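Lettering of chains follows the sequences in order, A, B, ..., and the numbering in each one begins at 1. Remember, it's a predicted structure, so these values are computed and weren't measured experimentally.
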Number of protein chains: 2
Amino acid sequence: MRYFDALATTLHFRKAAEMAHVSQPALSAQIAEMEKTIGAQLFERTQRSVVLSEMGQRLLPRIRSILREIRSLEEIAAQKRGVLQARMRLGIIPTIAPYLVPVLIPKLREHYPVLKMELKEAVTSKLIENLRIGELDAIVAALPIEDDMLTVEPVFHDRFLIATSANDNDVLSSPMTQDNVAVERLLLLEEGHCLRDQALAVCSATKQRQLVNYGATSMATLLQMVSHGMGLTLIPEIAVRAEAGHMKMRIIPFAGTEPRREIGLIWRRQSERQDDFRTLAQCIAESAATLRLGQEELAELRK
Amino acid sequence: MRYFDALATTLHFRKAAEMAHVSQPALSAQIAEMEKTIGAQLFERTQRSVVLSEMGQRLLPRIRSILREIRSLEEIAAQKRGVLQARMRLGIIPTIAPYLVPVLIPKLREHYPVLKMELKEAVTSKLIENLRIGELDAIVAALPIEDDMLTVEPVFHDRFLIATSANDNDVLSSPMTQDNVAVERLLLLEEGHCLRDQALAVCSATKQRQLVNYGATSMATLLQMVSHGMGLTLIPEIAVRAEAGHMKMRIIPFAGTEPRREIGLIWRRQSERQDDFRTLAQCIAESAATLRLGQEELAELRK
DNA sequence: GTGCTTTGATAAGATTTTCCTATCATGTTT
DNA sequence: AAACATGATAGGAAAATCTTATCAAAGCAC
């Protein structure tokens, strides 16, 4: 049934097989087997395309419903054991994971030693896909996320600061505002990262043509570039201590209203593990709080 | 899940294994496996008894619902192919099967050559059990049957006649009524057959103490006994031609209002194969009609 | 057309799962 | 005490499922 669901979703044997984590022949065989026992075609394979047959259309909602019920069953079972006692598969976006995880995991280990955490790092769109198909139980990502299937719980705010080279004294001359960011020197993450879009939104969108078009693959490489004087970038507060500590860099807060991103925990609306998620959200909020910078720290980073 | 359902029903490993058609160790292992993956006890095994744990109670309705949905899925698939195209597992009580089947099967074969009929012969209570747990799709039995899970469709009436030895001339002296049946000579089927109870109901219940307590295992043996002068019995009309034809026997209709049984087709209320069942009921009615006796035939049998 | 890519089906062999028979341990009944 | 009933365990067989490798057909580039 999972294979049927996947194939009905993708209408493509290979992609469905990938989604179901099996080889394409295995999926083919199972679909063929299913059609045999049912005694009718479920999919019409015209050349070049796969389409649901009438029978397939009729059965699809039922099968989806069954799969949903089974998943809910698993969740109830997990829930029954107590808060955060069952395996939790958590997705985290790459601009949060490396900073949050080292704080969150020990904290969880301390309070919930039985909990098995499985982590996955990917960009928001991938995580949402994984969440929807039930391969993840929850994800940590930047808001807003709007999706009827999902419940979104805001967890903490993460302000943006400017990271630039230690030699760069220009940024000290006047208070840093969103308008006077030197966009022509702005370095960004590669496409797909929400932080890239947020950075563009923060800095005045009018000058975007002048962008340096590079696209770093991670926060760490991006800041490596910054520290080597190749430009400046927005850095989320939670990343500062980990990244700026051992690099020659200057970190400048914005003047006035500081731009920030809101980070939330997201799960499937019909999930039965509400308590788990609320508890987890609380832990994440506490972990994030420890990553916030004090005044002295900020002054030091400003050099 | 089927095993879980069976065990929750029987609260007994052996009986559950039997119901699920597997060996007891197989069921034990699967339940143990299920408890392991869920991480909690599903059943509490105190000495001498098996009880659903709280977790088990919580999961039971969900699992039943899933099993029900899966069965409904199969039925929809079967139905979609057209009327009476999918395997039909039919249960028939022993006092009908041997007479109806030889007429019904050829008829079905003619009109629905693709149909695969699987027949099972057992007493009503066994058939109902099998129907409820989904091992049969429908049953043919004597009414009344009252069960919230089931739908009952009356199909035909089958009157009772008196069968006695060919030498027995007493029965010819006066018109045969329900009151003057020689109950002390009445032979019956063994316990469990509904025909036994019906025969007792037909003949005045006041004299039941005088019963010959034998209990034949089948209509054929019963009539064998009758033809050897060991007594008399009630014979359903549909059985007469097959049984009385080659035996020395006298068949006498009741005078006045003839006692009869009503035969119905019964299926699970939630089954999706309504059309199949209506069609099948029609075929059964037609088959039964061919077993009805004509006037001349009756006269001949009276000798 | 000839080669190249894509797509789903097929084949063969390995792996995993599930099952069955036989047996055991424990408590119950006679 | 002996026979019985009940669920767990062990060992090996059977069945289902998966993976890799390969194929055939169709679309596409040249």
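Across all strands, Ala26(B) comes closer than 4.0 Å only to sugar-phosphate atoms, never to a base (heavy-atom distances). The residue Arg14(B) sits close to a base: some heavy atom pair falls under 4.0 Å.
Per the geometry, CD belonging to Glu18(B) stands 13 Å off P belonging to dC20(C), to the nearest Å. If you measure from atom CD1 of Ile31(B) to atom P of dT18(C), you get 13 Å, rounded to the nearest angstrom. Between the CD atom of Gln24(B) and the C1' atom of dA10(D) there is a distance of 13 Å, given to the nearest Å. As rounded to whole Å, 13 Å separates atom C1' of dT17(D) from atom CG of Leu27(A). One atom, NE2 of His21(A), and another, P of dT19(D), lie 11 Å apart when rounded to the nearest Å. Between Phe43(A) atom CZ and dT7(C) atom P the separation is 17 Å, expressed in whole Å.
Between Asp5(B) and Arg64(B) there is a salt bridge, since a side-chain N of the basic residue sits under 4.0 Å from a carboxylate O of the acidic one. A salt bridge links Arg268(B) with Glu75(B); the closest basic N to acidic carboxylate O contact falls under 4.0 Å.
Between Arg273(A) and Gln79(A), the shortest heavy-atom contact is CA-OE1, 3.4 Å. Closest approach of Ala142(B) and Gln198(B) over heavy atoms only: CB-NE2, 3.3 Å.
The residue among Tyr3(A) and Arg45(B) whose nearest nucleotide of DNA chain D is located toward the 5' end is Arg45(B). The residue among Arg2(B) and His12(A) whose nearest nucleotide of DNA chain C lies closer to the 5′ end is His12(A). Ranked by how close their nearest DNA chain D nucleotide is to the 5' end, Ser28(B) and Gln30(A) are led by Ser28(B).
Using a 30° and 60° split on the angle between ring planes, Trp267(B) and Phe277(B) fall in the parallel class, below 30°.
Listed candidates were dG7(D), dA10(D), dA9(C). Nearest to the side chain of Val50(B) is dG7(D).
Summarising the local packing, CD of Gln57(A) is surrounded by more than 12 heavy atoms from other residues, nucleotides or ligands at distances under 6.0 Å.
A heavy-atom distance below 4.5 Å is not found between the side chains of Lys120(A) and Leu90(A).
Less than 4.0 Å separates DNA chain C from no heavy atom of any residue of residues 32-40 of chain A.
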